[in-house]
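Heads up, the thing below is written out as structure tokens.
Residue numbers run from 1 in the order of the sequence given.
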Amino acid sequence: MAAKSSGLGALACYESSSEEEGPSPSRSSQQLQKQQQLHEIHRAKHQQVDSVAATLHNCKRKRGDNEHSIPDSKGAKGARTENPKNRIVLPSVPTDILQMFSDREVIEGGKDKPEEHGGRIRSFPHVAGNWATHVYVSFGPDPEFTAGVKHLLSCVEEQLQLQQVEDYHISLSRTVPLTFHWIQPFIDSLRETIRCTERFFCTFHGAKLYTNDERTRSFLGLEVTGGHDQLLHLVQGVDSCLEEFRLQEYYKNPSFHMTVGWCVGDVHEDTQQVNQKLQVSLSEAQEEFPSLGGFLVQEIKCKSGNRIFTFPLR
């Protein structure tokens, strides 16, 4: 019996051991499901990674296409479209500067065209960025003065064919080239120099022919007698401004005059004879046209390019 019991016990132990070592059908099915779930998770992660990589690749390719694309006038495909928010807005050009460049002739002033200016030639060659600048006493003539000038010119028309000027003035400087960015500082210096100057009278006594430095033009001028000292004082102030900007000063012993007529060329050979006739003609004209006797100086002007700056006197 003992032997039989021992054998049954061994059999029981064997069966128990077999149950522990060998998986049951239900447990094996659970493990298989877990493996399948893990496989699905790994496959989903790989798909996500592949999708992200493809997206990055497409973005890089599009950016490269945009960098190498050249937009055409019709806005073809592949042309880069600029975001308006990213545009840099530049400040508008001041009105004063636009007015200086409003004349096409001023902008394209590199070529000298005497035929468009009555045969007149530049006093100095044009340089881009330089502006012809001139300081002078301005004068607005009345009809009587204009008629008197016309009469005076007719007195010498047999010797000279002079054209009556449109702008009457007395020069306080030569015409000098002033760099554009120095115009406003020069004007400020000039205004400070002139601001304390009081009004005064200029009177004319005698007429004379003049020739410019280049001897390309001749002028008929009314010589200033009364007011000479005041004009000389103004010239000294203007010269100090010109010297500050290293520009050529006015003549050392200026003969102040108001130009009333001009012609192309040098008429120096006939000057003496014509001047004698002019003296007599002016005296007669001043009796008939009193305005030829003189005027009240009320303002100084400076013309730079096509801009005119005015300085009223006290």
Mutual orientation of the aromatic rings belonging to [X] and [Y] [parallel < 30°, tilted 30-60°, perpendicular > 60°]:
| X | Y | answer |
| --- | --- | --- |
| F204 | F145 | tilted |
| F139 | F295 | tilted |
| F245 | F186 | perpendicular |

Hey, which of T211, N212, V260 is the one that makes side chain to side chain contact (heavy atoms under 4.5 Å, CB included) with F219?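 Per the side chain to side chain contact (heavy atoms under 4.5 Å, CB included) rule, the option paired with F219 is N212, out of T211, N212, V260.
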List the atom of [X], the atom of [Y], and the distance in Å for their closest heavy-atom pair.
| X | Y | value |
| --- | --- | --- |
| T193 | T197 | O-OG1, 4.4 Å |
| Q163 | L153 | C-CD1, 4.3 Å |
| S291 | D142 | OG-OD2, 3.0 Å |
| K208 | N275 | CA-OD1, 3.5 Å |
| E249 | R174 | O-NE, 2.7 Å |
| E244 | S189 | OE1-OG, 3.0 Å |

Heavy atoms, side chains only, cut-off 4.5 Å: are [X] and [Y] in contact?
| X | Y | result |
| --- | --- | --- |
| H134 | C302 | no |
| L313 | I194 | yes |
| L242 | V238 | yes |
| F289 | H151 | yes |
| T259 | L220 | no |
| P177 | V127 | no |
| Y136 | L234 | no |

Should we count NZ of K277 as having more than 12 external heavy atoms under 6.0 Å?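 Yes, NZ of K277 has more than 12 neighbouring heavy atoms, counting only those of other groups under 6.0 Å.
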NE2/H205: more than 12 non-hydrogen atoms of other groups inside 6.0 Å: no
Regarding R195 and E192, does a basic nitrogen lie under 4.0 Å from an acidic carboxylate oxygen?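 Answer for the salt bridge query: yes.
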Decide, yes or no, whether a salt bridge links E214 with R217 under the criterion of side-chain N to carboxylate O below 4.0 Å. no
Is it the case that one hydrophobic cluster holds both Y251 and V135, taking links as side-chain heavy atoms less than 4.5 Å apart, direct or via other members? yes
Are the side chain of Q164 and the backbone of T146 linked by a donor-acceptor contact shorter than 3.5 Å? yes
In Å, rounded to the nearest 0.5 Å, how long is the span from CH2 of W131 to OG of S304? 8.0 Å
About how many Å separate SG of C202 and CG of L222, when rounded to the nearest 0.5 Å?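 Here the interatomic distance stands at 11.5 Å.
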Does a side chain donor of either D188 or Q184 reach within less than 3.5 Å of an acceptor in the other side chain?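 Looking only at side-chain atoms, Q184 and D188 do form a donor-acceptor pair, the distance falling under 3.5 Å.
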Under a 3.5 Å threshold, yes or no: a donor from one side chain and an acceptor from the other, between E299 and T310?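 The criterion, which ignores hydrogens and geometry beyond distance, is not satisfied for T310 and E299.
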